[in-house]
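These notes are about the structure you will find just below.
Below, read A as the first sequence line, B as the second, and so on, with proteins coming before strands; counting in each chain starts at 1.
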Amino acid sequence: MRQFLYKMNKFSEINLDYSINSGQVFLWEKGVNTWYGINGSDVLAITPKSNQIRSFSENPMDIFRQGDNSKKIIQSITKDKVVKNAVKHFPGLRLLRQDPFQCYISFIASSNSNIQKIRLVLQNLCRKFGTKVRFDGREFYLFPEPGILAKAEESNLLACGLGYRAKFVKEAAIAVKSGSIDFEYLKKTNYQTAKESLVKIFGIGNKIADCIMLFSLEKLDAFPLDRWMIRVLQKYYSKKFPISSKTITEKTYEKLHNEIVHHFGPYAGYSQQFLFKMERELNEKKWL
DNA sequence: TACTAACCTGTACG
DNA sequence: ACGTACAGGTTAG
């Protein structure tokens, strides 16, 4: 059994419960004082009380985005009283930086689904296709590698509960394995270019592309517009961002995104996270 | 180009 | 109980 220990001094300003329970990650579970999470080929154990992060891999990703100046970012997104209120109610809510492949597959699997179901499906995928490891005295399954999912039998993907998304997942994994989707390139390039690449993948539209970019590809101006965010805009921003129906067309989506970034600025994605969290909590939606 | 229905699957509601 | 609506959308027509 291997394990690496890191100290983390920022837990006083990060609220892990808020951050994990805000719809951005799915493969996390809470122990007594410790959160356990799968991030690609890594397993993390986080104990806020002792400022400890333990990881399965030697050089874990900086999932907490410690390089971000959160004070400055929050100041920057607080453009109106709605966001101000959300920030006030959920102090310490942060965007997490995820393993890109896991994030990409997770959100493809999320389409037209709900959080409980998405979690179940992703756990099934890991159990069936991921490597089993022992860590912190427990068993975990790592997230499957692109090559494994690329050559998976569709029947095995279906058995995980993916439904019609099974072929999306397989095609998406093939695109990564073959190099036509290159996450390192997508990280470096701009929002528009990355988005154009992602929406070419069968099963990825505007919303899912925005999730992947915001949560794993350093595009903090991505602002996923799902049903909840449409509700938020209709409820609090009907003057600023008028929307007629509950579903929006591709063109409307793009137009809205431009206006949103114009309003909230380059860290618009952070504002989305606070607004999403706020509205889901108001409606008492479950996270786990 | 713009709008609608269909889509796997589980659960909540009447 | 059993049918229907809906869920963190996308695609095909």
For Watson-Crick and G-U wobble pairs within 3.5 Å on both distances, what is DNA chain C written in dot-bracket notation, | included for inter-strand pairing? .||||||.|||||
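Using a 4.0 Å cut-off, no side-chain N or O of A:Arg280 falls inside it from OP1 or OP2 of C:dA7. Checking the phosphate oxygens (OP1, OP2) of C:dA7, a side-chain nitrogen or oxygen of A:Arg227 falls inside 4.0 Å.
Under the 6.0 Å cut-off for aromatic ring centres, A:Tyr36 and A:Phe140 qualify, their centroids lying closer than that. A centroid separation of less than 6.0 Å is found between the aromatic rings of A:Phe26 and A:Phe107.
The distance between atom NZ of A:Lys255 and atom C1' of B:dA2, rounded to the nearest whole Å, is 15 Å. Atom CG in A:Leu158 sits about 7 Å away from atom P in B:dT9, given to the nearest Å. Distance A:Asn112 CG to B:dA5 P: 15 Å, rounded to the nearest Å. Rounded to whole Å, atom P of C:dG9 lies 10 Å from atom CD1 of A:Ile230. The interatomic distance linking A:Leu122 (CG) with B:dT9 (C1') rounds to 15 Å, in whole Å. Taking atom CD on A:Gln116 and atom P on B:dA12, their separation rounds to 9 Å, with Å as the unit. Computed from coordinates, the A:Asp226 CG to C:dT10 C1' distance equals 14 Å when rounded to whole Å. Taking atom CH2 of A:Trp228 as the reference point, atom C1' of C:dC6 lies 12 Å away to the nearest angstrom.
The residue A:Gln272 sits apart from the nucleic acid: no heavy atom pair falls under 4.0 Å.
With sequence neighbours left out, A:Tyr141 forms a ring-ring contact (aromatic ring centres under 6.0 Å, His included) with no residue at all. Residues passing the ring-ring contact (aromatic ring centres under 6.0 Å, His included) test with A:Phe129: none are found, sequence neighbours excluded. A:His263 is linked by a ring-ring contact (aromatic ring centres under 6.0 Å, His included) to A:Phe241, counting only residues two or more places apart in sequence or in another chain. Residues satisfying the ring-ring contact (aromatic ring centres under 6.0 Å, His included) test with A:Tyr236, not counting sequence neighbours, are none.
Ionic pairing of A:Glu171 and A:Lys167 is not present here: no N-O contact between side-chain nitrogen and carboxylate oxygen is shorter than 4.0 angstrom.
C:dG9 sits 25 Å from B:dT1 when the P atoms are compared, rounded to a whole Å. Between C:dT10 and B:dT11, the distance separating the two P atoms is 24 Å to the nearest Å. Using P as the reference atom, C:dA1 and B:dT9 are 23 Å apart when rounded to the nearest Å. Using P as the reference atom, C:dG13 and B:dC8 are 13 Å apart when rounded to the nearest Å. Nucleotides C:dA5 and B:dA5 place their C1' atoms 15 Å apart, quoted to the nearest Å.
Residue side chain A:Tyr164 reaches the base of C:dG9 through a donor-acceptor N/O pair under 3.5 Å, judged by distance alone.
When the nucleotides B:dG10, B:dC3, C:dG9 are ranked by their closest atom to the side chain of A:Lys117, B:dG10 comes out on top. Among the nucleotides B:dC8, C:dA7, B:dC3, the one closest to the side chain of A:Thr249 is B:dC3.
Of the residues in residues 190-217 of chain A, those placing a heavy atom less than 4.0 Å from an atom of DNA chain C are A:Ile201, A:Phe202, A:Gly203, A:Ile204, A:Gly205, A:Asn206, A:Lys207, A:Ile208, A:Cys211, A:Phe215, in numerical order.
Side-chain contact annotation: A:Thr249 with A:Thr252, donor-acceptor N/O pair under 3.5 Å present.
A single hydrophobic cluster is seen to contain both A:Leu125 and A:Val133, as judged by linkage of ILVMFWY side chains at heavy-atom distances under 4.5 Å, directly or through other members.
The number of heavy atoms from other shown groups lying within 6.0 Å of NZ (A:Lys79) is above 12.
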